[in-house]
Chemist: 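Have a look at this one before I ask anything.
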Amino acid sequence: MTNQPDPFSSFSGLLRAALGDLLVPEADTFLDMVADDIVMEFPYAPPAAVPRVEGKAALAEYLPGAASLITIESMSEPVVHRTQNSDIIILEFTCTGHGTETGIAYDQTYISVVTVADGYITHYRDYWNPLIALRAMGGDDAIAAVLKETGDA
C-alpha cells in the first residue's frame with residue numbers, strides 16, 4: 001500500500017463503488033487499487049499528451065502532474081456495465097470541474113474499460129473528450145508543459 005495522498009480522491013470512491021468486491025478491501029487510493037504492472041491508456045489523448053502509462057511507479061509519477069491541470073468538483077454515480085468476461089468492466093460517468101490555472105469549465109464524460117485481476121486493476125483504458133480538457137487548460141501548450149515534464153511514457 002502507498003501512503004501518498006490520492007490526487008483523485010473522489011475518483012477512488014467512484015472506483016470503489018463501481019468495482020466493489022472485485023478490488024482488495026484494503027485499497028483506499030487509486031494507486032492502492034492498481035497492480036504493479038498496470039497499463040493505463042488514453043486512446044483520445046491529444047498529440048502533446050501522454051497516451052499510455054505503464055507500471056505503478058510511472059503512474060505514481062504521472063498522476064500529480066495530471067491532477068494539477070484540472071480541479072474536479074463532483075463526479076456522477078457510475079453506470080456499470082458487466083461484460084461476458086467477469087474481469088472486464090465498462091464504466092460510464094461524468095464530472096464537473098475547472099481548469100486549475102484558467103478557471104474554465106471542465107464538464108467531461110468518460111467511458112472507461114477496466115480489467116481487474118486478483119483484486120487489482122491491471123488495465124485501464126480511459127475514453128474522454130480531449131477538446132474539453134484542452135479548452136479548460138488553455139490549449140495544447142498548457143497540457144504539453146505539465147505532462148511532458150513527467151517524462152515521455
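Here, residue 1 is the first one in the sequence, and each next residue gets the next number. Both backbone and side-chain heavy atoms feed into the values below; hydrogens, waters and symmetry mates do not. Quantities reported herein were computed from a predicted structural model and do not represent experimental measurements.
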Chemist: Let me confirm one number: the CZ-OH distance from Phe42 to Tyr124, rounded to the nearest 0.5 Å.
Modeler: 9.0 Å
Chemist: What heavy-atom pair brings Pro43 and Arg125 nearest, and what distance separates the two atoms?
Modeler: CG-CG, 3.5 Å
Chemist: In this structure, is the centre-to-centre distance between the rings of Phe11 and Tyr110 below 6.0 Å?
Modeler: no
Chemist: Under a single-linkage definition using a 4.5 Å side-chain heavy-atom cutoff for Ile, Leu, Val, Met, Phe, Trp and Tyr, are Trp128 and Leu59 assigned to the same hydrophobic cluster?
Modeler: yes
Chemist: Can you tell me how far the OG1 atom of Thr94 sits from the CG atom of Asp107, to the nearest 0.5 Å?
Modeler: 8.5 Å
Chemist: Could you give me the CA-CA distance, side-chain angles and deciding distance for Asp36 and Tyr120, then say whether side chain to side chain contact (heavy atoms under 4.5 Å, CB included) is met?
Modeler: CA-CA 9 Å; Asp36 289 339; Tyr120 295 96; over 6 Å; no
Chemist: Using the rule that two of Ile, Leu, Val, Met, Phe, Trp, Tyr join whenever any of their side-chain heavy atoms come within less than 4.5 Å, decide whether Met40 and Val113 are in one cluster.
Modeler: no
Chemist: Identify the heavy atoms of Val39 and Glu41 that sit nearest to each other, and give their distance.
Modeler: CG1-CG, 3.9 Å
Chemist: Are there more than 12 heavy atoms of other residues, nucleotides or ligands under 6.0 Å from atom CG of Asp118?
Modeler: no
Chemist: Starting at CZ of Arg16, measure out to CG of Asp21 and round the result to the nearest 0.5 Å.
Modeler: 9.0 Å
Chemist: Give a yes or no on whether Glu101 atom CD has more than 12 heavy-atom contacts from other residues, nucleotides or ligands under 6.0 Å away.
Modeler: no
Chemist: For the residue pair Asp126 and Ser112, confirm or rule out a side-chain donor-acceptor distance under 3.5 Å.
Modeler: yes
Chemist: For Pro51 and Ala49, work out which heavy atoms get closest and say how close.
Modeler: CD-O, 3.3 Å
Chemist: Start with the C-alpha distance between Ile89 and Arg82, add both sets of side-chain angles, then the distance that settles side chain to side chain contact (heavy atoms under 4.5 Å, CB included), and finish with yes or no.
Modeler: CA-CA 5 Å; Ile89 298 89; Arg82 301 289 177 174; 3.6 Å; yes
Chemist: Nearest 0.5 Å please: distance from the SG atom of Cys95 over to the CD1 atom of Ile70.
Modeler: 8.0 Å
Chemist: Leu22, Val34: one ILVMFWY side-chain cluster at the under-4.5 Å cut-off?
Modeler: yes
Chemist: Side-chain contact test, heavy atoms from C-beta onward, threshold under 4.5 Å: evaluate it for Val80 versus Leu91 and give yes or no.
Modeler: yes
Chemist: Should Leu15 and Tyr62 be regarded as members of a common hydrophobic cluster, given that ILVMFWY residues are connected when their side-chain heavy atoms come within less than 4.5 Å of each other, either directly or indirectly?
Modeler: yes
Chemist: Any sub-3.5 Å donor-acceptor pair from Thr102's side-chain atoms to Ala136's backbone N or O?
Modeler: yes
Chemist: Testing the basics here: between Phe30 and Leu63, what is the closest heavy-atom pair and its distance to 0.1 Å?
Modeler: CD2-CD1, 3.8 Å
Chemist: Once rounded to the nearest 0.5 Å, what's the spacing between atom OG1 of Thr122 and atom CD1 of Ile38?
Modeler: 6.0 Å
Chemist: What's the shortest heavy-atom distance between Ala27 and Met33, and which atoms?
Modeler: CB-CG, 3.7 Å
Chemist: Going through the checks in order, is the side-chain hydrogen bond (donor to acceptor under 3.5 Å, both in side chains) test met by Thr71 and Thr100?
Modeler: CA-CA 6 Å; Thr71 299; Thr100 304; 3.1 Å; yes
Chemist: Are Ile111 and Ile88 connected into the same hydrophobic cluster when the rule is that any two of I, L, V, M, F, W, Y join if their side-chain heavy atoms are below 4.5 Å apart?
Modeler: yes
Chemist: For the residue pair Val53 and Ala58, what are the closest heavy atoms and their distance?
Modeler: CG1-C, 3.7 Å
Chemist: Once you round to the nearest 0.5 Å, how far does CG of Leu69 lie from NE2 of His98?
Modeler: 12.0 Å
Chemist: Run the side-chain hydrogen bond (donor to acceptor under 3.5 Å, both in side chains) check on Ser74 and Thr96 step by step: do they pass?
Modeler: CA-CA 5 Å; Ser74 66; Thr96 60; 2.6 Å; yes
Chemist: So, does Lys56 use its side chain to make a donor-acceptor pair with the main chain of Leu31 at under 3.5 Å?
Modeler: yes
